[in-house]
There are 2 protein chains.
Amino acid sequence: MAHRIANESLRRKITTAEDAAEMIKDGDNVGFAGFTGAGYPKALPVALAEKMRRTHAEGNEFRIGAWTGASTAPELDGSLAEANGISLRTPYQSDPATRARINAGDMDYVDIHLSQVAPLVWEGFLGNLDVAVIEVAGITEDGHLIPSSSVGNNKTYLDRADRIILEVNSWQSADLEGMHDIYYGTALPPNRVPIPLVAPGDRIGEKYYRVDPDRVVAVIETDQADRNTPFKPLDDTSRAIANHLLDFLDYEVEQGRVPKELLPLQSGVGNIANAVLAGLLDRPYHDLTSYTEVIQDGMLDLIDSGKITVASATAFSLSPDAAEKMNRDAAHYRKHIILRPQEISNHPELIRRLGVISMNGLIEADIYGNVNSTHIMGSKMQNGIGGSGDFSRNAYISAFVTPSTAKGGAISAIVPFVSHVDHTEHDVDVIVTEHGLADLRGLAPRKRAERIINNCAHPDFRPMLRDYYEHARKVANGQHTPHDLEIAHSWHQRFLRTGSMKPEA
Amino acid sequence: MAHRIANESLRRKITTAEDAAEMIKDGDNVGFAGFTGAGYPKALPVALAEKMRRTHAEGNEFRIGAWTGASTAPELDGSLAEANGISLRTPYQSDPATRARINAGDMDYVDIHLSQVAPLVWEGFLGNLDVAVIEVAGITEDGHLIPSSSVGNNKTYLDRADRIILEVNSWQSADLEGMHDIYYGTALPPNRVPIPLVAPGDRIGEKYYRVDPDRVVAVIETDQADRNTPFKPLDDTSRAIANHLLDFLDYEVEQGRVPKELLPLQSGVGNIANAVLAGLLDRPYHDLTSYTEVIQDGMLDLIDSGKITVASATAFSLSPDAAEKMNRDAAHYRKHIILRPQEISNHPELIRRLGVISMNGLIEADIYGNVNSTHIMGSKMQNGIGGSGDFSRNAYISAFVTPSTAKGGAISAIVPFVSHVDHTEHDVDVIVTEHGLADLRGLAPRKRAERIINNCAHPDFRPMLRDYYEHARKVANGQHTPHDLEIAHSWHQRFLRTGSMKPEA
């Protein structure tokens, strides 16, 4: 493996994960690589968790602030959370052990728009960054770092951390070299300048991370795969949602409101997003582009088919099969894929300029179009807001997609009043379920309610929603957004009590 | 007055407001000038309302879609609303008659981020724009329009409307010529480019509006003052809020997180904002700048004192005395003031680039830092979101300011769960009341709750808030954002029932 570390002085810092873990102390803030289970450090966190467990067993404190790009994997979030070694976690997670700690009140979780993490770190608002732990695909002879399968906040963590630990992972394809575009033009105000990107395929930065070798305290060699999870086969619900959305885009093109090559597509992670991408394969579009957070399987298929010319993102999120394909053909894919820092992939300036069409999932929406992306029944954190706010606020068209029910029909995704708000009525253009699409652009709240109930809600819940709405119109203190706060959250309460939002028989 | 209309062919289109009103039809969408009671058309809307009244008396329909910059005045919003002549209103209003229509369910109101109106009009998502009714300070010989005391969406409405009606108002100072910067570089995607503004004082556009003379169907001469309302003298509450905020900024400068010239200031309209500006007069700052929506009295004082070198906005919002001063000394002030389209004054790209420090009012905040800026007790619209979302989402530091109580102490501005959300927990850095300041940066929800209750809530409500929070921690389904949805809105319900959020004796 030594060829992955072409720089001599950094090669002299090769050590074990266990020895490197000794360089992290109780109370440190640690910036980890990792975005949607790609490109996270795989050895150090496990060794660190082991050290935490020993320290705790000796009756001593050992917890850190853990900052990442976004979600990581069992080796990182999982092992540290199981060791109860994280006092504060930011910005996004999807790990079961971490989620349990957050909702037990054992771990502080600060949920931040993904585009804002890097500036916040520079601004000093999150405190000092003590250590960066960054996975790379290799180190060049002159000491530059070849990024691996995610970029996330790595550039910023490398710039700002007092001490740096590198993991060089030879599982990652050496041909990733040249796929990345690391922009070094950000600054603190008043010295910020326009970001010179006007198309998803523009390269405005460098292929490598810069690193100050004096701050590198350890280099670890690894050879482990990313957490690549197979996608479920497309189901009828996802396919129906995708078709409604694609029919809508067809119509917008027909009306001349969207160009025939569409506009750069952003899609959240998951089965519905993959269904949309799969659906595009069968439509007569070409010369498509994507400006998004993650490259999923469906995106590779669109690149393979020639439908998408270029996709910009900050990370991969692939199935094991697709990851294998990427590792084999990275030299080909790097002509069509650019991975950037998440500050750039999610930058409001760029999303608005490019006119991105965004598609994100939700947990629940209310009849007036407010969206909850994060909380279960008001109190319990699921994953986090991720980049959905960056995209939906600034998109050309912001769509939210969801099956109309969850838990086998016990939960309605359309409710009278969401139990938490992440995206306000001002930021939600379109809501889509398997039953249909509600185009909310230019509509006042009461018109939105009618459209959402009639087009999107599951038929089982439509009469209940209509009852609530008609009742609210009668008793509300104003007819702009009629509510009865007495019963606005009664569906959630009923679910907590009975396990279903449906009335007790 | 004819000298205000130096262009001969447009001079030939001079007519009466009554005749011009004949050119507007039932069902038209009309884009009006006007932003915070400045620069709105003063004659045409009154004549149009009269025509609507006559038409309604004859048993016929006559209602329009009324689009503006932001709030206007009794002559525009007031007279059209009283005539029940508006079917749909967007984007911001603060008129009592309009508010009554909205809350009676007579008028659709679409509440849009102010930066997004112009792009939405271009994108065609709000429908066709039939007429533009724009106030100007004059017309140059070659047919360019000299903007008056607000810019708002005038550039876009002039560009997009089928028919244009101009009001040339000689009350406005002729010396406004040269104060404005009308940027003509916006486009539809995929043709958008970086906006080349890197400091509040940069001029990137033209002094005048362009206009297609063939689409001008009428020119009306007026001589009426803007709706300039006197500010209340500063009270102790506003002064206390301002002091907490300024002490915080002092501290941030000391810590090196904010430069000693601060960063461009944005402040909402009203007494607290004016108190902050007044407070700056007594602090040792210099070389300050402002990048904001409106120029208030306090801003002129800061310019007079030499503390602020340049202020960028989209409109004035002055007292009668200050307006007189402006009309007298516009030739001086135009060296320090730039009025721009609201698409530019509120542009996310620019607010984030400049690192604006934003200060906006609120109706209520909850213990976790979610902010309601628009709704009274969940259903009733007050004014609208205005530019508060554009600024708070993209600000370097986003502060929200409010007295801790309203209605003589009957309403707490800090509640368990806001009755509507306009700014989510992700977008609120600092909350300030007369009792203190809660710095929420980098805090998880439970820590935020403790700080908001202890620092900001009125002492009368603190024990009630603590009771709610402690109770919620016991019963919630998760400890991330502990709530009891059964009673989360009980304070609002109690107010609606009894006229007070305080428990019945």
Side-chain angles (χ1 to χ4, degrees), chain A residues 102-105 108-113 123-127 189-190 192-194 196 198 257 259 263 348-349 352-355 370 375-381 385 389 393-394 396 419-422 424 426 441-444 447 476-483 485-486 488-489 492-493 496, chain B residues 102-105 108-113 123-127 189-190 192-194 196 198 257 259 263 348-349 352-355 370 375-381 385 389 393-394 396 419-422 424 426 441-444 447 476-483 485-486 488-489 492-493 496:
Chain A
I102 292 168
N103 289 312
D108 274 0
Y109 176 51
V110 184
D111 193 19
I112 301 177
H113 299 294
E123 289 155 11
F125 298 168
L126 300 179
R192 290 187 183 145
V193 295
V198 297
R257 289 189 291 256
L263 286 161
E349 171 175 341
R352 180 144 163 178
R353 182 180 304 150
L354 295 173
N370 300 285
H375 282 65
I376 306 295
M377 308 294 146
S379 303
K380 192 171 172 182
M381 171 55 59
I385 192 169
R393 171 69 63 90
N394 299 291
Y396 189 79
S419 64
H420 183 87
V421 178
D422 294 289
T424 70
H426 315 281
R441 293 173 298 173
L443 295 189
K447 297 255 163 62
N477 68 317
Q479 291 297 315
H480 181 63
T481 311
H483 269 306
L485 296 177
E486 187 92 32
H489 285 137
H492 300 88
Q493 295 162 40
L496 289 171
Chain B
I102 292 167
N103 289 312
D108 274 1
Y109 177 50
V110 183
D111 194 18
I112 301 177
H113 299 294
E123 288 154 12
F125 297 169
L126 301 179
R192 290 189 182 143
V193 295
V198 298
R257 289 189 289 257
L263 286 161
E349 171 175 342
R352 180 144 164 178
R353 181 180 305 150
L354 295 173
N370 300 285
H375 282 65
I376 307 293
M377 308 295 145
S379 303
K380 193 172 172 181
M381 171 55 59
I385 192 169
R393 171 69 63 90
N394 299 291
Y396 188 78
S419 64
H420 183 87
V421 178
D422 294 290
T424 70
H426 315 283
R441 293 172 299 171
L443 296 189
K447 296 254 162 63
N477 68 316
Q479 291 297 315
H480 181 62
T481 310
H483 268 306
L485 295 177
E486 187 93 32
H489 285 138
H492 300 88
Q493 294 162 42
L496 288 171

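We name chains A, B, ... by the order of the sequence lines, and we start the count at 1 in each one. What you see is a predicted model; the values in this text were computed from it and never measured.
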Query raised in the report: What closest approach, in Å, do B:P194 and A:V198 show between heavy atoms, and which atom pair accounts for it?
Result: CD-CG1, 3.6 Å
Report task. Working to the nearest 0.5 Å, report the span between OG1 of B:T481 and CE of A:M381. Result -> 6.0 Å
Query raised in the report: Under 30°, 30 to 60°, or over 60°: which ring-plane class applies to B:H113 and A:H426, parallel, tilted or perpendicular?
Result: tilted
Report task. Report the residues that fulfil ring-ring contact (aromatic ring centres under 6.0 Å, His included) with A:H489, sequence neighbours left out, ordered by chain and then residue number. Result -> A:F417, A:H492, B:F417, B:H489
Query raised in the report: Between A:G124, A:G127, A:A476, A:P348, which shows the greatest number of heavy-atom pairs under 4.5 Å with chain B?
Result: A:P348
Requested in this report: Between chain B and each of A:P190, A:G442, A:P189, A:A488, count heavy-atom pairs under 4.5 Å; write down the option with the most.
Outcome: A:P189
Report summary line: Taking every heavy atom of B:S379 against every heavy atom of A:H483, the minimum-distance pair comes out as OG-N, 3.0 Å
Query - Least distance between heavy atoms, B:L485 atom then A:S419 atom - result: CD1-CB, 4.1 Å
Query raised in the report: Which pair of non-hydrogen atoms, one from A:I376 and one from B:N477, has the smallest distance, and what is that distance?
Result: O-ND2, 3.0 Å
Query raised in the report: Is there a donor-acceptor pair closer than 3.5 Å between any side-chain N or O of A:E486 and the backbone N or O of B:Q493?
Result: no
Report task. Looking only at non-hydrogen atoms, find the nearest pair between A:R353 and B:E349 and report the distance. Result -> NH2-OE2, 3.1 Å
Query raised in the report: Heavy-atom distance under 4.5 Å to chain B: side chain of A:I102, backbone, both or neither?
Result: both
Query raised in the report: When rounded to the nearest 0.5 angstrom, what is the spacing between CG in A:N370 and CG in B:D422?
Result: 8.5 Å
Requested in this report: Report yes if some heavy atom in the side chain of A:E123 is under 4.5 Å from a heavy atom in the side chain of B:R441; otherwise report no.
Outcome: no
Report task. Output all residues satisfying ring-ring contact (aromatic ring centres under 6.0 Å, His included) with B:H375, sequence neighbours left out; order by chain, then residue number. Result -> A:H480, B:H420
**Report entry** Under 4.5 Å from a heavy atom of chain A, the part of B:L354 involved
**Finding:** backbone
Query raised in the report: Can you name the closest pair of heavy atoms from B:Y396 and A:F125 and give their distance?
Result: O-CE1, 3.4 Å
Query raised in the report: When rounded to the nearest 0.5 angstrom, what distance separates CG in A:N394 from CZ in B:R393?
Result: 7.5 Å
Requested in this report: Go through the atoms of B:L496 and report whether side chain, backbone, both or neither lie under 4.5 Å from a heavy atom of chain A.
Outcome: side chain
**Report entry** Contacting moiety of B:P259, where chain A heavy atoms sit under 4.5 Å
**Finding:** side chain
